Amino acid sequence: MITTMTFQEEIKQGIPSVLPQAKAYPADANRAPKRKDILSADEKQLALRNALRYFPKEWHQELATEFAQELKDFGRIYMYRFKPNYDLKARSVNDYPARCTQAAAIMLMVDNNLDPAVAQHPEELITYGGNGAVFQNWAQYLLAMKYLSEMESDQTLHLYSGHPMGLFPSSKEAPRVVVTNGMMIPNYSKPDDWEKFNALGVTQYGQMTAGSFMYIGPQGIVHGTTITVMNAFRKVLNKSETSKGKIFLTAGLGGMSGAQPKAGNIANCITVCAEVNANAATKRHQQGWVDELIDNMDELVARVKEAQAAEEVVSIAYIGNIVEVWESFFEKEIFIHLGSDQTSLHNPWSGGYYPVDISYEESNRLIREEPEVFKVKVQETLRRHADAVNKHTAKGTYFFDYGNAFLLEASRAGGDVMAENGIDFKYPSYVQDILGPMCFDYGFGPFRWVCASGKSEDLDKTDAIAASVLEKIMQESPEEIQQQMQDNITWIKDAKQNNLVVGSQARILYADAQGRMEIAKAFNDAINSGEIGPVVLGRDHHDVSGTDSPYRETSNIYDGSRFTADMAIHNVIGDSFRGATWVSIHNGGGVGWGEVTNGGFGMLLDGTDDAERKLKSMLLFDVNNGIARRSWARNSEANFAIKREMARTPKLKVTLANLVDDDILNNLSL
Ligand SMILES: NC(=O)c1ccc[n+]([C@@H]2O[C@H](COP(=O)([O-])OP(=O)(O)OC[C@H]3O[C@@H](n4cnc5c(N)ncnc54)[C@H](O)[C@@H]3O)[C@@H](O)[C@H]2O)c1
């Protein structure tokens with residue numbers, strides 16, 4: 001049946017009153033991988049019973065057969081028949097049928113995360129990372145959008161892993177939506193628990209920003225990766241040296257990893273990035289994210305030597321396995337200044353990391369048909385990968401883990417990556433050495449905003465406002481953060497010409513608490529004066545305070561507390577009563593189910609005094625909660641930052657750590 005309903009009417013109806021016709025998947029859709037067939041026959045029945053509870057009894061016979069087939073074909077029930085007929089994309093906030101602007105802004109962000117131009121597997125409601133879901137199925141989407149269209153400003157929608165439990169009376173001050181994704185009883189938080197409970201339809205993997213509707217496409221990752229690569233070079237080079245002609249070797253040209261060559265170009269180096277999937281490499285090349293494609297090792301070696309000699313700024317994709325590059329460059333005596341890896345090792349057994357010496361196609365067959373053999377091959381490759389990296393680092397290469405669980409999985413595979421103490425890894429993570437001490441501990445993190453009018457002119461105006469606010473703040477910034485301020489001013493001034501906007505009119509900008517608050521206040525003033533329309537503020541969960549993740553965001557916490565998740569929980573609760581428009585807390589994220597707790601917020605600025613009060617209160621806490629915790633963990637940069645904040649904010653009183661002399665402890669017999 002072709003619908004004659006308008007987009008607004010379709011949203012307001014929620015689950016349709018007449019059973020829609022079954023739909024065929026679009027031929028060109030990038031489909032999510034088929035998930036594990038993990039449920040017993042009884043559990044499959046339970047999954048179907050769970051799915052059918054969204055629909056009236058009369059439809060059960062027909063839908064049961066269809067959903068059973070989906071479960072068989074895809075390992076999940078996506079309820080594709082219920083996908084709406086309208087185009088999924090962020091519209092202007094004024095286009096959504098809503099009783100309050102806050103709800104309309106949330107709808108805009110939800111739709112943006114399902115826009116085929118933004119989302120990785122839009123048919124399966126997956127935004128990025130292979131499994132980062134906005135909802136588990138289309139019924140949840142329809143219901144949630146209907147609730148949002150009915151919501152008044154004293155109600156809150158509670159979403160349990162995509163399932164809209166309902167609208168509950170609250171208050172104007174409360175968040176409009178509370179999101180939890182993948183929250184489990186800790187003992188049930190192993191990767192196969194996700195497979196099972198997700199297949200049952202009772203939990204989902206929200207990744208970081210997918211399940212909280214805050215993903216804004218690749219620009220977020222380009223900015224973060226640029227900061228990392230630039231600062232990594234600053235770490236290894238003398239003040240007189242530049243990154244020109246120096247090599248950054250890494251792997252992966254996928255969703256996030258595809259940002260590496262672009263970031264390498266902005267950081268002025270030679271980037272060599274291996275990618276086993278020729279389609280992924282070609283796509284990045286066509287998009288202009290990587291300059292050259294090479295699929296032959298001799299050619300790669302010759303090209304790299306030429307680029308070194310001419311001190312070129314160039315990014316080269318090698319279509320093949322990363323292990324081949326590490327090994328060949330050692331043999332050919334090519335010195336690598338920076339080395340890392342962004343294969344998807346948070347998902348090692350189902351296509352996140354491909355073994356060497358086996359074709360891409362054969363690997364995919366093994367994943368489906370002989371998963372145990374595949375696992376052995378992956379682990380062999382990981383050991384070889386670690387050995388090759390070790391040979392280079394022995395010659396002076398600086399290698400860092402890029403938060404993809406490379407060191408974790410290499411260690412589990414028996415690779416030589418452990419430090420002498422048997423507890424730590426030989427190599428730092430990018431957060432331990434770079435983002436942690438240089439950014440997060442000072443409060444700098446991936447602040448972002450979306451112009452809810454959908455107008456690019458609004459985005460231009462916000463860019464200009466943000467740049468002038470930062471320039472003003474920089475004049476009085478202490479020496480310790482001058483470099484960060486300058487990098488971020490350069491980024492925001494070039495942001496438009498980097499041409500990274502996909503989907504909503506969004507911008508990312510690393511900023512500290514003061515920067516975020518002053519930029520947000522300036523936006524609110526501009527909205528009030530009618531210069532721009534409403535703005536949604538948010539951030540990546542990969543930030544100062546939002547995420548507890550012992551091998552990534554909190555890997556530079558050394559007091560033992562990196563295995564706790566109090567900070568992320570305090571953050572989400574603290575933000576929720578300080579004015580966030582929506583809050584979210586997730587299990588999972590980039591490093592894997594059970595390995596991280598991460599949270600975030602969204603906040604609508606509408607130009608009112610209320611918005612100003614809320615932004616000041618919430619952003620101050622949202623950043624300084626993490627700085628306080630980092631300072632208590634004895635991180636000196638955070639200690640500096642929190643003392644500065646206390647001087648600026650008399651009502652902030654944070655417990656400070658006393659440092660004990662090593663001699664006192666070393667002289668004890670323990
Ligand atoms: N970019 C960042 O700032 C950042 C931050 C934290 C974590 N990460 C992590 O980086 C990883 C990658 O993320 P993504 O979104 O790009 O994932 P993705 O799955 O889209 O891309 C990974 C790519 O690696 C390729 N690959 C796998 N094994 C390979 C091998 N042996 N040699 C060469 N190529 C290989 C795959 O074909 C794939 O295209 C994730 O684990 C993510 O959590 C990235």
Side-chain angles (χ1 to χ4, degrees), residues 30 32-33 120-121 126-132 205 207-210 215 217-229 249-263 272-284 289 317-326 340-358 360 363-364 367 374 377-378 380-382 384-385 388 400-410 429-431 434-435 439 446 508 540-543 547 549 551-553 555 588-593 595-596 598:
N30 179 5
Q120 186 183 20
H121 306 301
I126 302 288
T127 304
Y128 72 95
N131 52 7
Y205 200 99
Q207 267 282 2
M208 303 192 94
T209 49
Y215 185 72
Q219 72 165 306
I221 215 67
V222 173
H223 186 26
T225 312
T226 304
I227 286 181
T228 305
V229 176
L249 172 61
T250 185
L253 286 170
M256 289 198 273
S257 49
Q260 296 175 104
K262 192 152 186 118
V272 178
C273 190
E275 169 56 64
V276 280
N277 178 348
N279 288 337
T282 309
K283 183 173 157 197
R284 290 302 185 198
W289 287 57
Y318 171 68
I319 303 178
N321 200 292
I322 180 62
V323 176
E324 295 163 24
V325 188
W326 282 105
S340 194
D341 191 86
Q342 270 198 44
T343 56
S344 273
L345 274 160
H346 70 274
N347 175 28
W349 319 128
S350 38
Y353 181 85
Y354 282 81
V356 68
D357 296 338
I358 302 180
Y360 184 63
S363 292
N364 286 336
I367 293 172
F374 184 75
K377 297 286 176 200
V378 163
E380 277 170 17
T381 301
L382 278 168
R384 216 169 118 180
H385 195 158
F400 60 97
D401 184 285
Y402 214 139
N404 61 339
F406 170 74
L407 292 174
L408 184 65
E409 288 305 334
S429 81
Y430 70 123
V431 175
I434 305 163
L435 275 191
C439 297
I508 176 158
D540 194 348
H541 294 197
H542 174 54
D543 195 8
T547 295
S549 181
Y551 298 104
R552 211 166 85 174
E553 285 78 354
S555 56
V591 286
W593 184 251
E595 306 283 0
V596 46
N598 67 88

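Residues take their numbers from the sequence shown, with the count starting at 1. One-based numbering, in listed order, for ligands and for the atoms of each. No experiment lies behind these values; they were computed from the predicted model shown.
For ligand 1, the atoms sitting less than 4.0 Å from at least one non-hydrogen atom of I322 are 30 (C), 31 (N), 32 (N), 33 (C), numbered in the order shown with element in parentheses. Against a heavy-atom cut-off of under 4.0 Å, N277 is close to the following atoms of ligand 1: 37 (O). Taking every non-hydrogen atom of H346 and a distance limit under 4.0 Å, the qualifying atoms of ligand 1 come out as 40 (C), 41 (O), 43 (O). Against a heavy-atom cut-off of under 4.0 Å, G590 is close to the following atoms of ligand 1: 41 (O), 43 (O). Numbered from 1 in the order shown, with element, the atoms of ligand 1 that lie under 4.0 Å from a heavy atom of A274 read 33 (C), 34 (N). Every atom of ligand 1 with a heavy atom of I221 under 4.0 Å away is listed here by number and element: 1 (N), 2 (C), 3 (O).
Among protein heavy atoms, atom 9 (C) of ligand 1 sits closest to N404 CB, 3.7 Å. Among all non-hydrogen protein atoms, the one lying nearest atom 28 (N) of ligand 1 is Y354 N, 2.9 Å. Looking only at heavy atoms of the protein, atom 34 (N) of ligand 1 is closest to V276 N, 3.3 Å. Annotation: atom 19 (O) of ligand 1 to nearest protein heavy atom, S344 OG, 2.7 Å. Considering only non-hydrogen protein atoms, atom 44 (C) of ligand 1 sits nearest to Q342 OE1, 3.3 Å. Taking atom 42 (C) of ligand 1 as the reference point, the nearest protein heavy-atom neighbour is M256 CE, 3.4 Å. Looking at atom 8 (N) of ligand 1, its nearest protein heavy atom turns out to be Y402 O, 3.6 Å. Given atom 20 (O) of ligand 1, the protein heavy atom at minimum distance is G255 N, 2.8 Å.
Distance alone, capped at 3.5 Å, places no donor-acceptor pair between the Q260 side chain and the T225 backbone. Side-chain atoms of H541 do not come within 3.5 Å of backbone N or O of T209 as any donor-acceptor pair. When atom types are taken as modelled, the side chain of E275 and the backbone of A281 share no donor-acceptor pair closer than 3.5 angstrom. Looking only at distances, no side-chain donor or acceptor of N404 sits under 3.5 Å from a matching main-chain atom of L345. Between the side chain of Q120 and the backbone N or O of I126 there is no donor-acceptor pair closer than 3.5 Å.
Distances from atom 27 (C) of ligand 1 to the heavy atoms of G252, A280, G352, S429 put G352 nearest. Within the set V325, T343, D540, the minimum heavy-atom distance to atom 30 (C) of ligand 1 is found for T343. Across E553, R552, E275, heavy-atom proximity to atom 6 (C) of ligand 1 is greatest for R552.
At least one heavy atom of Y430 sits closer than 4.0 Å to an atom of ligand 1. Under a 4.0 angstrom heavy-atom cut-off, A259 registers as lying outside contact with ligand 1. No heavy atom of G130 sits closer than 4.0 Å to any atom of ligand 1. For the ligand labelled ligand 1, residue G589 lies outside the 4.0 Å heavy-atom shell. Heavy atoms of Y128 stay at 4.0 angstrom or farther from ligand 1.
Taking NE2 from H223 and OG1 from T228, the interatomic distance works out to 10.0 Å, rounded to the nearest 0.5 Å. Atom OG of residue S344 and atom CG of residue N131 lie 9.0 Å apart, to the nearest 0.5 angstrom. For the atom pair CZ of R552 and CG of N598, the computed distance is 8.5 Å after rounding to the nearest 0.5 Å. Interatomic distance, K377 NZ to I367 CD1, rounded to the nearest 0.5 Å: 14.0 Å.
Ring-plane geometry between Y354 and F374 is classed as perpendicular, the angle between the planes exceeding 60 degrees on a 0 to 90 degree scale with a lower cut at 30.
Between Y430 and Y402, the gap from one ring centroid to the other is short of 6.0 Å.
Considering only heavy atoms from C-beta on, I322 comes within 4.5 Å of D341 through its side chain. Between Y353 and H385, the closest side-chain pair of non-hydrogen atoms falls below 4.5 Å.
Closest of all the heavy-atom pairs between F400 and S429 is CB-C, 4.5 Å.
Polar contact check, S257 against ligand 1: a nitrogen or oxygen pair lies under 3.5 Å apart.
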